[in-house]
Amino acid sequence: QVQLVESGGGLVQAGDSRRLSCAASGLTFGTGAMGWFRQAPGKEREFVAVIRRSIDHTYYAESVEGRFTISRDNAKNTVYLQMNSLKPEDTAVYYCAARVTFAVATMTESARYNYWGQGTQVTVSS
């Protein structure tokens with residue numbers, strides 16, 4: 001049984017940094033990818049970043065490119081999202097997600113991800 005557990009959320013001020021973690025268990029596939037999505041109140045869930053499990057290819061939403069960095073530690077089965085220069089518009093619940101297969105064409109589609117964490121709230125005050 002796959003389980004994803006996020007941590008690291010909280011209240012920060014604009015311009016601050018924060019690192020989110022996603023501890024995964026039960027993942028046995030060597031392919032696929034791990035990603036981060038977020039959902040702000042009244043908005044749809046949106047893609048933030050993704051990293052492939054077997055090679056260090058990463059992709060980002062335009063809104064976070066240059067400010068956020070996704071990384072993974074396979075030995076710990078953990079994925080991180082380093083968030084720098086946070087803005088009030090980054091306020092959202094952040095979700096970790098895993099998918100068994102990967103395709104660039106569908107990397108932003110939440111329906112393509114097979115497993116989800118419970119989410120962690122990040123609030124950025126101005």
Side-chain angles (χ1 to χ4, degrees):
Q1 182 178 354
V2 176
Q3 189 173 19
L4 305 177
V5 180
E6 303 99 332
S7 61
L11 174 64
V12 298
Q13 293 188 333
D16 284 354
S17 297
R18 196 81 172 185
R19 189 177 80 161
L20 304 181
S21 300
C22 172
S25 61
L27 285 172
T28 58
F29 47 89
T31 58
M34 300 287 294
W36 288 94
F37 286 74
R38 66 186 182 186
Q39 187 166 18
K43 295 187 177 181
E44 293 187 354
R45 190 171 298 189
E46 65 173 2
F47 168 79
V48 174
V50 65
I51 185 167
R52 299 183 67 172
R53 286 179 56 81
S54 57
I55 53 178
D56 281 334
H57 285 185
T58 58
Y59 304 87
Y60 299 91
E62 285 188 15
S63 59
V64 306
E65 180 88 51
R67 298 188 298 122
F68 290 12
T69 302
I70 188 171
S71 62
R72 57 176 166 76
D73 184 335
N74 282 351
K76 296 182 178 180
N77 242 356
T78 300
V79 175
Y80 305 97
L81 184 68
Q82 177 66 43
M83 305 183 294
N84 298 329
S85 302
L86 282 162
K87 305 175 181 180
E89 51 264 43
D90 294 319
T91 294
V93 177
Y94 283 73
Y95 296 91
C96 176
R99 57 184 291 175
V100 175
T101 60
F102 180 79
V104 172
T106 61
M107 64 181 181
T108 65
E109 298 177 15
S110 60
R112 299 287 185 159
Y113 289 73
N114 307 99
Y115 307 100
W116 291 85
Q118 81 289 350
T120 185
Q121 175 72 46
V122 174
T123 303
V124 184
S125 64
S126 57

Could you tell me if the side chain of Asp56 sits less than 4.5 Å from the side chain of Arg72, heavy atoms only?
yes
Are any of the side-chain heavy atoms of Arg53 and Leu27 separated by less than 4.5 Å?
yes
Would Tyr80 and Thr69 count as a side-chain contact (heavy atoms from CB on, under 4.5 Å) if you check the C-alpha gap in whole Å, the side-chain angles of each, and the deciding distance to 0.1 Å?
CA-CA 8 Å; Tyr80 305 97; Thr69 302; over 6 Å; no
Qualifying salt bridge (charged side-chain N to carboxylate O under 4.0 Å, His left out) pairs with a residue from [range], counting only residues at least two apart or across chains:
range: residues 33-44; answer: Arg38-Glu46, Arg38-Asp90
range: residues 7-23; answer: none
range: residues 104-126; answer: Glu109-Arg112

Looking only at heavy atoms, what is the nearest atom pair of [X] and [Y], with distance?
X: Thr78; Y: Ser21; result: CG2-CB, 4.3 Å
X: Met34; Y: Cys22; result: CE-SG, 4.2 Å
X: Ala49; Y: Tyr60; result: CB-CD2, 3.6 Å
X: Val64; Y: Val48; result: CG2-O, 3.5 Å
X: Asn84; Y: Ser17; result: OD1-OG, 2.9 Å

Decide yes or no on side-chain contact (heavy atoms from CB on, under 4.5 Å) for Arg99 and Thr106, but give the supporting numbers first.
CA-CA 11 Å; Arg99 57 184 291 175; Thr106 61; 3.0 Å; yes
Could you tell me whether a side-chain N or O of [X] sits under 3.5 Å from a main-chain N or O of [Y], the two making a donor and an acceptor?
X: Glu6; Y: Gln118; answer: yes
X: Thr91; Y: Val124; answer: yes
X: Arg52; Y: His57; answer: no
X: Ser125; Y: Pro88; answer: no

Are Ile51 and Ile55 connected in the hydrophobic side-chain network, where two residues link if heavy atoms are under 4.5 Å apart?
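No, Ile51 and Ile55 fall in different hydrophobic clusters.
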I need the [X] [atom1] to [Y] [atom2] distance, nearest 0.5 Å.
X: Leu4; Y: Tyr95; atom1: CG; atom2: OH; value: 13.0 Å
X: Gln13; Y: Ser126; atom1: CD; atom2: OG; value: 9.5 Å
X: Leu20; Y: Gln82; atom1: CG; atom2: CD; value: 9.0 Å

Is the Phe37 ring parallel, tilted or perpendicular to the Tyr113 ring (thresholds 30°, 60°)?
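Plane angle over 60°, so perpendicular.
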So among Phe47, Trp36, Phe102, Phe68, which one has a ring pair (Phe, Tyr, Trp, His ring centres under 6.0 Å) with Tyr59?
Phe102
